[in-house]
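Below is one structure, written out as structure tokens, with a few remarks after it.
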Amino acid sequence: MLENGDSEAIGRTTEMRVLLRDRIAVAGGMIGFDEFMRTALYDPELGYYEQGTIFGAAGDFVTASELGPLFAQCLATQCVELFDHIEPAITEFGAGAGQMAVDLIKELDRQGVAPERYTIIEPSAGLRTRQQELVESSLAPRLVERFAWRPSLSGDDCLTGVAIANEVLDALPAKRFRVLDGGSLVELGVGVEGQDFRWVEGGVFEPDMTLAAAELPQSAALGVGFQSEIHTDLCQWMRKLVPADDGCVVLVCDYGYPAHEYYHPSRRDGTLKCYFKHRLVDDPFAQPGAQDLTVAVNFTMLANLAFDAGFELAGYTTQAGFLLATGLLERLDQGVAGEQRVDSTNEAKRLILAGEMGETFKVMALSNNCDAHLRGFINDYRHRLAPMA
């Protein structure tokens with residue numbers, strides 16, 4: 001929870017609460033959780049991602065790429081393999097603080113295959129500025145000039161080369177629903193009680209989607225009161241990924257589950273999580289604009305949406321499986337000693353151990369017009385994405 005010393009966060013949350021209450025009033029007393037999440041995270045002035053420090057030890061969470069360079073170096077191994085088959089270009093969605101982009105292009109440059117174009121799609125103006133500053137201060141001018149930033153993809157854009165979405169999709173806005181008696185679904189929206197936000201049951205839950213709707217639970221076996229989420233904005237994101245004729249591969253790295261695990265009765269409270277200063281917060285309404293909101297990725301739904309958009313499912317594995325297959329352990333044995341060796345070993349443990357990120361985080365490859373071998377998916381678990389029974 002916010003403390004007296006968090007004056008900036010307190011001020012941000014106070015203004016965000018006013019903004020959200022106004023939107024709820026205009027909407028007639030309820031907004032969808034996706035609108036709440038979108039406003040709390042992405043409002044151009046008060047949104048969570050417009051804050052100064054949210055990544056790393058001083059922020060709210062640490063991504064795989066911020067633990068050290070190993071994640072980006074292993075990712076580079078997969079990119080090198082792909083660059084023999086498709087254009088050597090990279091598009092990164094939501095580059096965070098920019099550290100992975102720096103480490104990735106450094107490693108590709110070391111191997112003599114640095115891409116001529118590295119495009120970062122970043123909706124947050126504040127994060128774009130931070131990324132640009134890090135790139136300019138960390139790389140040689142000849143590499144800096146290869147970078148370009150854009151707030152979003154337009155409908156005319158075609159993806160070429162390798163596109164990367166690392167820990168991005170879990171931050172896309174999602175709707176929430178609850179199972180009623182008889183197995184019907186009702187939307188869980190956000191209303192106001194006094195000065196506080198509260199969950200409000202809306203109408204019958206009928207998301208405006210195609211394949212995604214088929215992944216919703218249909219059985220009353222889940223039990224009355226079961227509640228979960230569906231990434232409605234994931235559908236929109238996937239539809240914007242138009243593959244170019246000369247081939248592309250999209251690599252998605254995030255935490256999540258196949259549909260049969262996502263909507264399992266044991267996960268009856270859903271996958272919504274909130275973080276503040278590396279602490280898990282129980283209440284998504286506690287400090288809007290100052291805390292992170294995330295929803296796990298339904299990888300079965302993502303695979304189906306990708307197929308509908310013209311992609312093939314080229315691979316699906318755990319983060320541990322991907323990193324081990326792309327040489328993580330070999331990199332630890334490349335002569336690094338002393339304190340650096342200890343740091344690298346601790347980094348590797350965080351990345352691959354089952355109790356850390358190794359099993360919860362998954363990696364998915366989506367391809368179009370590319371028949372390259374994908375080294376990172378030697379241990380391929382596509383069979384686990386089977387639709388729900």
Side-chain angles (χ1 to χ4, degrees), residues 72 75-95 98 100-101 104-105 107-109 111-123 128 131 135 143-169 172 209-212 231 233-254 297 299 301-317 322 326 363-377 380 382 385:
L75 192 58
T77 297
Q78 185 64 84
C79 289
V80 170
E81 185 179 56
L82 290 169
F83 286 166
D84 287 336
H85 300 265
I86 55 180
E87 182 181 345
I90 292 177
T91 300
E92 183 180 355
F93 292 90
M100 190 180 78
L104 181 55
I105 202 167
E107 178 62 18
L108 292 171
D109 186 54
Q111 298 190 41
V113 290
E116 290 299 320
R117 291 187 295 111
Y118 196 120
T119 304
I120 293 178
I121 308 298
E122 178 56 68
R128 286 199 301 271
Q131 294 158 7
V135 165
L143 295 178
V144 173
E145 64 187 16
R146 305 183 189 201
F147 280 82
W149 279 264
R150 298 176 58 185
S152 63
L153 286 176
S154 72
D156 298 328
D157 291 320
C158 291
L159 284 181
T160 187
V162 179
I164 303 168
N166 177 46
E167 298 188 47
V168 170
L169 302 189
L172 292 180
M209 292 173 287
T210 53
L211 288 170
H231 261 128
D233 278 34
L234 176 57
C235 308
Q236 300 170 22
W237 182 81
M238 194 69 237
R239 288 167 184 158
K240 290 181 180 179
L241 302 189
V242 180
D245 292 337
D246 56 354
C248 69
V249 171
V250 181
L251 297 175
V252 174
C253 314
D254 223 314
V297 177
F299 280 99
M301 188 179 91
L302 177 60
N304 286 342
L305 289 169
F307 179 79
D308 195 41
F311 289 88
E312 295 181 4
L313 177 59
Y316 174 68
T317 191
F322 179 83
T326 49
V363 185
M364 177 175 279
L366 309 171
S367 67
N368 181 274
N369 288 338
C370 179
D371 57 359
H373 168 73
L374 294 173
R375 174 178 170 179
F377 299 88
D380 199 336
R382 279 178 283 185
L385 295 171

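Sequence positions, counted from 1, serve as the residue numbers for this chain.
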Sorted by chain and number, sequence neighbours left out, side-chain hydrogen bond (donor to acceptor under 3.5 Å, both in side chains) with Q236 holds for none
Does L75 reach the side chain of M100, with side-chain heavy atoms less than 4.5 Å apart? yes
Mind listing the closest non-hydrogen atom pair of A76 and E107 along with its distance? CB-CG, 3.5 Å
Donor-acceptor contact present, side-chain R128 to main-chain E122, <3.5 Å: yes
Just how far is it from atom OG1 of T317 to atom CZ of F377, taken to the nearest 0.5 Å? 7.0 Å
Could you check if a side-chain atom of H231 sits within less than 4.5 angstrom of a side-chain atom of C235, using non-hydrogen atoms only? no
I'd like to know if the side chain of D109 reaches the main chain of A114, judged simply by a donor and an acceptor atom lying under 3.5 Å from each other, with no hydrogens or angles considered. no
Looking at CD1 of I164 and CD1 of I120, how far apart are the two atoms once the value is rounded to the nearest 0.5 Å? 10.0 Å
When you measure from the side chain of R375 to the backbone of E81, do you find a donor-acceptor pair of N or O atoms at a distance under 3.5 Å? no
Considering all heavy atoms of both residues, which atom of V162 and which atom of L82 are nearest to each other, and what is their separation? CG2-CD1, 3.8 Å
Answer whether the closest heavy-atom distance between the side chains of P88 and V113 falls below 4.5 Å. no
Just by distance, do the side chain of Q78 and the backbone of G376 share a donor-acceptor pair under 3.5 Å? yes
Once you round to the nearest 0.5 Å, how far does CG of L302 lie from CE of M364? 5.0 Å
Do any N or O atoms from the side chain of R146 and from the backbone of P115 form a donor-acceptor pair under 3.5 angstrom? yes
Do the side chains of L159 and P243 get nearer than 4.5 Å, heavy atoms only? no
Let me confirm one number: the CG-CZ distance from N369 to F311, rounded to the nearest 0.5 Å. 10.0 Å
Side-chain donor/acceptor of N368 to backbone N/O of G310, under 3.5 Å: yes
Kindly indicate whether the side chain of F299, heavy atoms from C-beta on, has any atom under 4.5 Å from the side chain of V252. yes
I need the I90 CD1 to E116 CD distance, nearest 0.5 Å. 12.0 Å
With side chains defined as the heavy atoms from C-beta onward, is the minimum distance between L366 and L313 less than 4.5 Å? yes
Does a sphere of radius 6.0 Å around CD in E312 hold more than 12 heavy atoms from other residues, nucleotides or ligands, not counting ones at 6.0 Å or beyond? no
So which atom in A372 and which in H85 form the shortest heavy-atom distance, rounded to 0.1 Å? CB-CD2, 3.3 Å
Look at the aromatic rings of W237 and F93 and report parallel, tilted or perpendicular, splitting at 30° and 60°. perpendicular
How long is the straight-line distance from CG of D245 back to OG1 of T160, given to the nearest 0.5 Å? 9.5 Å
For A148, which residues count as a side chain to side chain contact (heavy atoms under 4.5 Å, CB included) partner, sequence neighbours excluded? none
Can you check side chain to side chain contact (heavy atoms under 4.5 Å, CB included) on V135 and W149, steps first, answer last? CA-CA 12 Å; V135 165; W149 279 264; 4.0 Å; yes
I need the minimum non-hydrogen distance between R239 and V242, along with the two atoms involved. O-CG2, 4.3 Å
For L104 and E92: C-alpha separation, side-chain torsions, deciding distance, then whether side chain to side chain contact (heavy atoms under 4.5 Å, CB included) applies. CA-CA 11 Å; L104 181 55; E92 183 180 355; 5.8 Å; no
For I121 and S152 the tightest heavy-atom approach is CG2-CA, 3.6 Å
Locate the shortest heavy-atom distance separating L108 from C79; write the atom from each residue and the value. CD2-CB, 4.2 Å
